[in-house]
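Worksheet: the structure to be examined is printed underneath.
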Amino acid sequence: MNAAYLSLGSNIGNRLEHLKQAVRLLHEHPAVKVKKVSSIYETEPLGLTEQAKFLNIAVELETSLGAVELLSACQSIENKLGRMRKIRWGPRTVDLDILLYNEQSIQTEDLIVPHLRMQERAFVLVPLVEINSEVKNPVTGSLYREEPAMEEEGVILWKPIQNAGEFLQQD
Ligand code: X6L
Ligand code: MG
Ligand code: MG
């Protein structure tokens, strides 16, 4: 069995509903179990800063899928939830990014793990460290909780989540 961490974000329409639907669809995949869901954070947009604020979460998965298969499962969820790719770094109904897969370093045409520049982004690190404070960059061995970007502003606790079940069950 494999362990994976994903980062999810939404900044269009009913952001919470989009995150919930994405986590539900992950959980309903026969080869994926959602083990942990972080609290929900409201975050200032990075990259393209003139767009709506995001809700961001991190999830921990157990899966029998390989990393590339997991990527395609994530992309099919993005497509189901109406993700359009018009503007680079632009607004999205939902984005699912693979942050970590076991403690592997993966470089294919379509997938780089650990996720590029994740250690520079508080909207990725804060939810990730909440669900596992011991998680390390598999390449450098650095603890993500010790990254300077953990201290950046623009990441506000929006709704605390106690466990994955709570997140999956709501309304
Ligand atoms: C300089 C240049 C500084 C580019 C930062 C950061 C670019 C992040 C892209 C950057 C730069 C990204 C989200 C987001 C995006 C999200 C929040 C990206 C890709 N996705 N902002 N911006 N949450 N808060 O999920 O991550 S676009
Ligand atoms: Mg992303
Ligand atoms: Mg993405």
Side-chain angles (χ1 to χ4, degrees), residues 4-26 29 32 34 36-61 63 65-101 104-132 135 137 139 144-145 147-161 167:
Y5 292 89
L6 308 187
S7 169
L8 285 74
S10 172
N11 76 336
I12 294 181
N14 190 332
R15 302 172 298 171
L16 176 58
E17 211 45 53
H18 292 140
L19 294 178
K20 281 187 184 172
Q21 284 301 337
V23 173
R24 279 205 194 93
L25 289 167
L26 282 167
H29 191 297
V32 176
V34 177
K36 291 188 184 173
V37 179
S38 72
S39 293
I40 304 164
Y41 293 86
E42 187 169 57
T43 68
E44 294 291 336
L46 296 185
L48 187 68
T49 53
E50 296 298 308
Q51 60 177 321
K53 289 181 188 178
F54 282 78
L55 294 183
N56 285 111
I57 62 173
V59 301
E60 182 187 316
L61 306 180
T63 183
L65 299 178
V68 171
E69 296 172 305
L70 179 60
L71 175 66
S72 94
C74 290
Q75 288 170 341
S76 94
I77 292 171
E78 290 178 346
N79 293 337
K80 238 180 218 175
L81 296 181
R83 171 88 182 261
M84 307 288 229
R85 292 173 178 276
K86 283 182 252 175
I87 309 166
R88 186 175 184 223
W89 301 339
R92 63 282 308 268
T93 52
V94 76
D95 176 37
L96 286 82
D97 292 333
I98 301 176
L99 301 176
L100 299 168
Y101 184 87
Q104 291 172 224
S105 160
I106 301 168
Q107 273 137 315
T108 73
E109 288 278 283
D110 309 310
L111 179 63
I112 299 177
V113 176
H115 193 275
L116 220 56
R117 312 206 122 195
M118 62 178 279
Q119 72 285 348
E120 300 170 13
R121 298 175 182 172
F123 74 79
V124 173
L125 294 177
V126 170
L128 174 65
V129 164
E130 182 196 313
I131 55 176
N132 185 347
V135 73
N137 181 321
V139 179
Y144 286 113
R145 68 163 188 264
E147 289 292 339
M150 281 290 293
E151 312 300 324
E152 298 274 320
E153 289 174 18
V155 176
I156 302 293
L157 180 61
W158 187 78
K159 187 180 202 298
I161 297 293
F167 190 80

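Numbering of ligands and ligand atoms starts at 1, following listing order. All values below come from the heavy atoms of this structure, side chains included, with hydrogens, waters and symmetry mates left out.
Annotation: side chain of L61 is in contact with side chain of V34 (closest heavy-atom distance under 4.5 Å). Proximity of Y144 to L99: side-chain heavy atoms (C-beta onward) are nowhere separated by under 4.5 Å. Using a 4.5 Å cut-off on side-chain heavy atoms (C-beta onward), M150 and V126 make contact. For the pair H18 and Q21, the minimum side-chain heavy-atom distance is 4.5 Å or more. Using a 4.5 Å heavy-atom cutoff, the side chains of L157 and Y41 are in contact.
Taking distance alone, with nitrogen or oxygen atoms compared against 3.5 Å, D95 stays at or beyond that limit from ligand 1. Taking only nitrogen or oxygen atoms, main chain and side chain alike, F54 does not reach within less than 3.5 Å of ligand 1. For the pair T43 and ligand 1, the shortest N or O to N or O distance falls below 3.5 Å.
Only protein N, O or S atoms were scored, and 2 of them lie under 2.8 Å from the Mg ion (ligand 2).
Heavy atoms only, all atoms of each residue included: I40 and L19 are closest at CG2-CD1, 4.5 Å.
For the pair R92 (side chain) and G90 (backbone), a donor-acceptor distance under 3.5 Å is present.
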Worksheet entry | Worked check of side chain to side chain contact (heavy atoms under 4.5 Å, CB included) between V68 and D110 | CA-CA 8 Å; V68 171; D110 309 310; 5.7 Å; no
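Contacts of R121 with ligand 1, taken as heavy-atom pairs under 4.0 Å, involve the side chain alone. Counting heavy atoms under 4.0 Å from ligand 1, residue W89 touches it through both backbone and side chain.
The N56 neighbourhood of ligand 1 comprises atoms 16 (C), 17 (C), 23 (N), 24 (N), 25 (O), with distances under 4.0 Å to a heavy atom of that residue.
Under the 3.5 Å distance criterion, with hydrogens and angles disregarded, no donor-acceptor pair is assigned to the side chains of N137 and Q119.
Separation of atoms CH2 (W158) and OG1 (T43) is listed at 12.0 Å; rounding is to 0.5 Å. Between H115 atom NE2 and L6 atom CG the span is 10.5 Å, to the nearest 0.5 Å.
Protein non-hydrogen atoms do reach within 4.0 Å of atom 8 (C) of ligand 1. Per-atom contact check: atom 3 (C) of ligand 1 does not touch the protein, criterion being a heavy-atom distance below 4.0 Å.
Here atom 11 (C) of ligand 1 lies nearest to G47 when heavy atoms of P45, G47, A52 are compared. Looking at L48, V94, I87, L46 and measuring to atom 6 (C) of ligand 1, the nearest heavy atom belongs to L46.
With respect to atom 16 (C) of ligand 1, the closest heavy atom belonging to the protein is F123 CE1, 3.3 Å.
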